[in-house]
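See below for the structure under consideration.
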Amino acid sequence: MERAARPAVERPAPAARRANSHDVMTTFSTSSELGRHVGQTVTLRGWLYNSRSSGKLHFLEVRDGHGIAPCVVSLRDVGEEAFRAAGGLAQETSLAVTGAVSAHPKRPGVFELQVKELAVIGAPRAPYPISPKDHGVEFLMDHRHLWLRSRRQHAITRVRHTIVKAIRDFFDGRDFTLVDAPIFTPNACEGTSTLFETDYHGQPAYLTQSGQLYMEAAAAAFGKAYCFGPTFRAEKSKTRRHLSEFWMVEPEVAFTDLEGVMALAEDFLCFIVERVLETRRPELAVLERDVAKLEAVKKPFTRMSYTDAVAEVARLRAERTAAGGAAPAAPTAPATGEGAPEAADEAPAVERELVWGDDFGAEDETLLSQRYDTPVMVHRYPAAVKAFYMKKDATDPRLALGVDVLAPEGYGEVIGGGQREDDLDVLEAAIAAHALPPEAFRWYCDLRRYGSFPHGGFGLGVERTVAWICKLPHVRETIPFARMLHRLSP
RNA sequence: UCCAGCUUAGCUCAGUCGGUAGAGCAGGCGGCUGUUAACCGCCGGGUCGCAGGUUCGAGUCCUGCAGCUGGAGCCA
C-alpha cells in the first residue's frame with residue numbers, strides 16, 4: 001500500500017524506474033513489488049537476512065524494508081569469484097542484487113530473483129548479534145534497534161502503523177477536529193496517578209497522564225474533538241500490560257451521553273479491526289494470528305452493567321475452581337524463530353472475594369473478556385472507584401456513568417471512558433470530596449460555568465490495542481522503543 | 001512497595017548424588033545444484049552474576065547483595 005519515498009542515493013533517473021519500464025538494469029524495485037516484474041531484470045537494495053548454500057547454489061534472503069525476497073545465486077550464472085563472494089556474506093550485509101524475476105518453483109505467490117550481479121554496499125564489521133535462533137527478552141530489548149529488523153517485529157510495527165492510520169481516518173471521517181493536548185501539565189489531571197515530575201523553569205510540572213480535561217474544553221469549541229499523543233505514567237508497574245510511555249487517543253463529544261459514548265467506542269473498534277483485516281493479512285500471517293477471532297469482532301458488543309459483571313465474575317470464578325482451580329490462561333503468542341517470549345505461568349492470585357464496590361482485578365478482566373468473542377462493555381461502575389469528573393447515574397447515585405471496554409481473548413481493558421459531570425455544583429463538590437485544589441480546576445469548572453452541556457468521551461490505549469490485534473504476550477513489542485520501569489534505552 | 005522464579009561460551013540452554021565444563025546457533029575452514037531457523041565434517045570460544053560460608057573438594061549446598069523476568073496494586 002504505502003510506498004516509501006526513495007532516498008536520493010537510489011536515483012538514476014526517475015523515468016527509468018517506473019514499474020512499466022521494460023528497460024533492463026535500471027529498474028529498481030522492492031521485494032513487495034516483484035510480482036509485477038516477472039521476466040524483467042530488476043535491482044533490489046537491502047540487507048542479507050539469512051542465507052543457505054547448496055554447493056553450486058546460494059540462497060540469499062534479502063530484506064529491503066518491505067519484505068524478504070529469495071535471491072538465487074548460481075555458480076553457472078555469476079562465475080566462480082562472484083559465487084564464492086556471495087557464499088561468504090555475513091548476516092545483515094547491505095547489498096544490491098540485480099537479476100531476473102521469476103515465480104518461486106515451490107511457493108505459490110512468491111517471486112524470486114535469479115541473481116546476475118551482486119554488489120556489497122556495507123559489510124558488517126562484527127557478527128550480527130541477533131542470530132537466527134532463540135534469544136531472551138532482555139537481550140532482544142537491549143538490541144531493540146536491531147531487533148526491529150526481524151520479520152516478526154516488522155509485521156507488528158506495520159500493524160501498529162495501520163492502526164494509527166485507522167484511528168485518524170475514523171475520527172477525521174466523522175468530522176472530529178484534532179486538538180493537541182499539552183504534554184507538560186501543572187497538576188495531575190485526575191489527581192490520583194503517579195506522574196513524572198520535571199523542572200519547568202523553576203516550578204514543578206508533570207508529564208501528562210491524559211488529555212481528557214483539555215478535550216472537554218475542545219468539545220465546547222469544536223463539538224467533536226480528539227487528541228492523539230504520548231502519555232506518561234510513573235507507577236512502578238511491571239506487567240505485560242504496562243508501559244511508562246504509551247500512546248492514547250482521546251475523543252470527546254458534546255451533547256452526548258453514556259449510550260452515545262458506548263456506540264462510538266463500538267464503531268471505532270470495529271473500524272480499526274476491519275482496516276487491519278483489509279490491509280494487513282500478510283503481517284497477521286507472519287504473526288500466526290488466528291484471524292477468525294478478529295473477524296468475529298462485529299456489532300453489537302456485549303454490554304453489561306458493573307453490577308451484572310460482578311455476579312458474572314463470581315460465577316466464572318466458581319466455574320474455574322470447579323474445573324480444577326487453574327488461573328485463566330494468559331494470552332500467549334506462538335513461539336517463533338525470533339524468540340517470541342512465552343508468557344510465564346500465571347501465579348495463582350490471592351483470591352479474596354469480589355464484592356460489590358470493588359474494582360475488578362486484572363485476573364477478573366481476563367476471565368470476563370475470555371468469555372465472549374466480541375469486546376465486552378462494562379458500564380455504570382460504583383462512583384467511589386472512579387474519577388471525580390464522572391457523572392453520577394440519575395437513577396442510582398452510587399453509580400458513575402463510566403464504561404470500560406475489555407478486548408476479547410483475555411486482553412482486558414483497551415478503552416476507558418464515560419459521560420462527564422456537567423453540573424457545576426456537583427462537580428465542585430466532587431473536587432472538594434477528592435481533596436483536589438479548586439484553583440487548579442477553575443478553568444475546568446469554567447466549562448460548566450459558561451454554557452454547560454452533556455458530553456462524554458473515552459481514551460484508547462494504542463499499545464494494548466496492538467497487542468490484542470496481533471495477539472502478543474506483552475505490550476513491549478507493540479511500540480518501537482518501549483519505556484518501562486527498567487528500560488530507558490536504546 | 002510486596003510475592004515468586006531465573007542468572008553457566010557472543011546468544012539460547014543442559015549440567016545426575018558435591019568430584020574440577022557440555023550441546024545447538026553465531027564465528028573460522030571444508031563439502032553439497034532448489035535450500036526454507038537447510039544439512040554434514042572439522043576448529044577456536046568459559047572469572048559458572050558478585051561477596052562470604054560449609055567441605056579434602058562447590059556450577060551444584062547455605063547466607064547476603066545485585067541484575068533480570070513474571071505477577072499483585074494502579075491503570076490505557
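There is a side-chain donor-acceptor pair under 3.5 Å between Gln212(A) and Tyr389(A). A donor atom on one side chain and an acceptor atom on the other are not found under 3.5 Å apart for Gln91(A) and Ser131(A).
No hydrogens or angles were tested; on distance alone, a donor-acceptor pair under 3.5 Å links the side chain of Arg464(A) to the base of rC75(B). Evaluation of atom-type donor-acceptor distances gives no pair under 3.5 Å for the side chain of Ser53(A) against the base of rG31(B). Put simply, the side chain of Ser131(A) and the base of rC11(B) share no donor and acceptor less than 3.5 Å apart. Contact annotation: side chain of His135(A) to base of rC11(B), donor-acceptor pair absent below 3.5 Å. In the interface, the side chain of Glu112(A) is paired with the base of rG34(B) through a donor and an acceptor atom under 3.5 Å apart.
In this structure, the CD atom of Glu235(A) is 9 Å from the P atom of rA76(B), given to the nearest Å. For the pair Asn50(A) CG and rA37(B) C1', the interatomic distance rounds to 7 Å; values are reported in whole Å. Rounded to whole angstrom, the span from the NZ atom of Lys56(A) across to the P atom of rG31(B) amounts to 10 Å. Atom NE2 of His486(A) and atom P of rG71(B) are 13 Å apart (whole Å). In this entry the distance linking CG of Asp364(A) with P of rG73(B) reads 8 Å, nearest Å. As rounded to whole Å, 16 Å separates atom C1' of rA76(B) from atom CZ of Arg240(A). Distance, Phe196(A) CZ to rC74(B) C1': 13 Å, rounded to whole Å. Protein atom CG of Leu60(A) is 15 Å distant from nucleotide atom P of rU36(B), rounded to whole Å.
Taking the P atoms as reference points, rU54(B) lies 15 Å from rU60(B), given to the whole Å. To the nearest whole angstrom, the two C1' atoms, one in rU20(B) and one in rG46(B), are 13 Å apart. One P atom belongs to rU55(B), the other to rC62(B), and the distance between them is 16 Å to the nearest Å. Comparing rA9(B) with rA21(B), their P atoms sit 15 Å apart, to the nearest whole Å. Remark: the separation of the P atoms in rA51(B) and rG15(B) is 25 Å, to the nearest Å. A distance of about 8 Å separates the P atoms of rA26(B) and rC39(B), rounded to the whole Å. Across the P atoms, rG30(B) and rC11(B) are found 28 Å apart, a figure rounded to whole Å. Comparing the P positions of rG22(B) and rA38(B) gives a spacing of 28 Å, expressed to the nearest Å.
Comparing Arg107(A) and Leu460(A) by the nucleotide of RNA chain B whose heavy atom lies nearest to each, the residue mapping closer to the 5' end is Arg107(A). Mapping Leu75(A) and Ser237(A) onto RNA chain B via the closest heavy atom, the residue that lands nearer the 5' end is Leu75(A).
Under 4.0 angstrom from either OP1 or OP2 of rG70(B) there lies at least one side-chain N or O belonging to His474(A). The phosphate of rC40(B) has neither OP1 nor OP2 within less than 4.0 Å of any side-chain N or O from Arg52(A).
Contact annotation for His242(A): base contact, defined as any heavy-atom pair under 4.0 Å involving a base atom. If you check every strand for non-hydrogen atoms under 4.0 Å, Ala126(A) touches nothing. Within the 4.0 angstrom heavy-atom criterion, no nucleotide atom of any strand lies near Pro129(A).
Comment: Asp142(A) engages Arg487(A) in a salt bridge, judged by a side-chain N to carboxylate O separation of less than 4.0 angstrom. The pair Arg289(A)-Glu409(A) counts as a salt bridge, with a side-chain nitrogen and a carboxylate oxygen less than 4.0 angstrom apart.
You'll find that the side chain of Glu365(A) is closest to rC75(B), out of rC75(B), rA72(B), rA76(B). You'll find that the side chain of Ser54(A) is closest to rA38(B), out of rG70(B), rA76(B), rA38(B). Closest to the His104(A) side chain, of the nucleotides rG70(B), rG34(B), rA76(B), is rG34(B). Of the listed nucleotides (rU33(B), rA72(B), rA76(B)), rA76(B) has the atom at the smallest distance from the side chain of Met248(A). Set against rG67(B), rA76(B), rU33(B), the side chain of Glu138(A) has rG67(B) as its closest nucleotide. Among rG67(B), rA76(B), rA72(B), the nucleotide with an atom closest to any side-chain atom of Ala362(A) is rA72(B). Closest contact between the side chain of Leu57(A) and the listed nucleotides rA76(B), rG27(B), rG34(B) involves rG34(B).
Residues Arg483(A) and Leu488(A) share a closest heavy-atom pair of CZ-O, 3.1 Å.
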Ile167(A) and Ile163(A): side chain to side chain contact (heavy atoms under 4.5 Å, CB included), yes or no, with the steps?
-> CA-CA 6 Å; Ile167(A) 287 169; Ile163(A) 289 171; 4.0 Å; yes
Hey, mind stepping through Leu148(A) and Phe481(A) against side chain to side chain contact (heavy atoms under 4.5 Å, CB included) and telling me if it holds?
-> CA-CA 9 Å; Leu148(A) 251 18; Phe481(A) 295 95; 3.5 Å; yes
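Classification of the Tyr444(A)-Phe441(A) ring pair by plane angle, with boundaries at 30° and 60°, yields perpendicular. In this pair, Phe171(A) and Phe458(A) present their aromatic rings tilted. The plane angle is within the 30 to 60° band.
Taking a pair as Watson-Crick or G-U wobble with both distances under 3.5 Å, RNA chain B forms stems of 3 or more consecutive pairs at B:1-7 with B:66-72, B:10-13 with B:22-25, B:27-31 with B:39-43, B:49-53 with B:61-65.
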Under 3.5 Å, N/O pairs linking protein and nucleotides 28-30 of chain B:
none

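Each of Asp404(A), Leu399(A), Leu401(A) was compared with Lys386(A) under the side chain to side chain contact (heavy atoms under 4.5 Å, CB included) criterion, and only Asp404(A) meets it. Each of Ile156(A), Leu294(A), Thr162(A) was scored for a side chain to side chain contact (heavy atoms under 4.5 Å, CB included) with Ile469(A), with one residue passing: Leu294(A).
Remark: Phe360(A) pairs with Tyr306(A) by the ring-ring contact (aromatic ring centres under 6.0 Å, His included) rule, at least two apart or across chains.
Aromatic stacking of Phe59(A) on rA38(B): not satisfied for centres closer than 5.5 Å together with planes under 30 degrees.
In this structure, NE2 on His143(A) lies 6.5 Å from CD1 on Ile130(A), to the nearest 0.5 angstrom.
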